[in-house]
Protein chains: 2
Amino acid sequence: MSVRLDAIDRKILAELQRDAGQSLDEIARKVGSSKTPVWNRVKKMREGGIIKQTTVLLDAEALGLEACFFVLIRTSEHEAEWQEKFLHALRSRPEVLEAHRLAGDIDYILKVQVSNARAYDVFYQALIQEVRIHNVTALLSMEEIKSTTALPLAG
Amino acid sequence: MSVRLDAIDRKILAELQRDAGQSLDEIARKVGSSKTPVWNRVKKMREGGIIKQTTVLLDAEALGLEACFFVLIRTSEHEAEWQEKFLHALRSRPEVLEAHRLAGDIDYILKVQVSNARAYDVFYQALIQEVRIHNVTALLSMEEIKSTTALPLAG
DNA sequence: GTTGAAATGACCTACAC
DNA sequence: GTGTAGGTCATTTCAAC
C-alpha cells in the first residue's frame, strides 16, 4: 500500500510542504531535475494519496481566534451508539481542529481553536449537553512554540 | 493590528483553505465576484499575514509515520536558560509537529509524529538527555478522528 | 472600488531520446 | 525513466469605468 519514494520524490515533497505556490521550474531546479519528470512525480503522488491536499495556512490570531485549548476527555461509555454520536459532534464543529482516540486512561484528546475562554465555555457546555462525558480537562495554550504541518521526510 | 475582513474575504479564505490549487476564475465565480478583485484581496491578505503559507498536506501513514503521540510535560525548571534550550530542542526536531506552553499544572504539550513506538522512544530518550524534565506522559493516538488545518471563519 | 483586455509566464501534453 | 517544444490556460499588470 505504501508507495515507494526515492530521494527526488522526497525532495519534491519537502519543497511543496515549504511552499506549494512555487513553479515547477523552481522545484525542478532545486531537486536537480527538470519540469516534466517533476510534474509526473507530483501527479503520481497526488493520485497515490501521498499528497492529500493543497491548502493555505491562516493566522488564527489575525482572525480573532486567540485561544487554543487541548481537551482531555475520559468517558465511561464505550458503546457504538455513543461513539457515533460523539464523533459526529466533533466532526460537525469547526472549532475542533483535531480529535484523536487514545490508548490508556484518557480516551480522547481534542484541539479546539476559539476566540476566547468564553467561546470555549460555550463549546464545552454544548458538547457535554449533546453527549455524556465522564471527565474533561482543558489545557489552555499560553504560547505556540512550534506549529507545522510539514512531516519529516528522511525515510 | 487585526485586519478587517468582509464576507467576501472570508468566502475567499474558506475556498483557499478547501483547495488552494483552484484558479482565480473558479474562486471568483464561487464568491460572486471576478478575477481582479479576488486577486487584489488575496494579495492584501498575504501581505497582511492573514494567509501565512501555501502548502500541501501529506499522508503520514503513506510515508511510514504511523505513530502519533501527544506528550504532556511537567518540569520543575523555569529559568530562561533552561527554557531556551528546551525550545531549541523542540524546534530542531522535525518529528515535533506542535509544541505549546500551557497554563496550569502541565507545562507543555507536544504532538510528535514518528514511524513507530520504538522511534518515539528514541526521540524521548534523546530529549530527556538534552534537557531536564520532571515528568512526562505520552498519549498514543489509536485513531485520528478528525484533522484539519481549516480555521472557522464565521467571524 | 469593479471590469476587461492584453502580455507574461505557468501548466500539461506529446513526442524524442 | 529524462528532456525539449508547443498549445492552452492562468496569473498579473494596466487602463478605463
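Naming: A, B, ... by sequence-line order, numbering from 1 per chain. These numbers come from a predicted model, not from an experiment.
- The stretch residues 14-39 of chain B comes close to DNA chain C through S34(B), T36(B), P37(B), each having a heavy atom under 4.0 Å from the strand.
- Remark: F86(A) engages W82(A), Y108(A) in a ring-ring contact (aromatic ring centres under 6.0 Å, His included) (not counting sequence neighbours).
- Put simply, R41(B) has no side-chain N or O that comes within less than 4.0 Å of OP1 or OP2 on dG1(C).
- When the side chain to side chain contact (heavy atoms under 4.5 Å, CB included) test is applied to K52(B), the partners found at least two apart in sequence or on another chain are D59(A).
- Legend: residues meeting side chain to side chain contact (heavy atoms under 4.5 Å, CB included) with S34(A), ordered by chain and number and at least two apart, are P37(A).
- Residues forming a side chain to side chain contact (heavy atoms under 4.5 Å, CB included) with D107(A) (at least two apart in sequence, or on another chain): R74(A), T75(A), H78(A).
- In this structure, R46(A) places its CZ atom 11 Å from P of dC11(C), rounding to the nearest Å.
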Using a 3.5 Å cut-off and no angle test, enumerate the donor-acceptor pairs between side-chain atoms of residues 24-32 of chain B and protein atoms at least two apart in sequence or in another chain.
{"from": "E26(B)", "atom 1": "OE1", "to": "S23(B)", "atom 2": "N", "distance (Å)": "3.3"}
{"from": "K30(B)", "atom 1": "NZ", "to": "E15(B)", "atom 2": "OE1", "distance (Å)": "3.4"}
{"from": "K30(B)", "atom 1": "NZ", "to": "Q22(B)", "atom 2": "OE1", "distance (Å)": "2.8"}

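- Taking atom NZ of K43(A) as the reference point, atom P of dC11(C) lies 15 Å away to the nearest angstrom.
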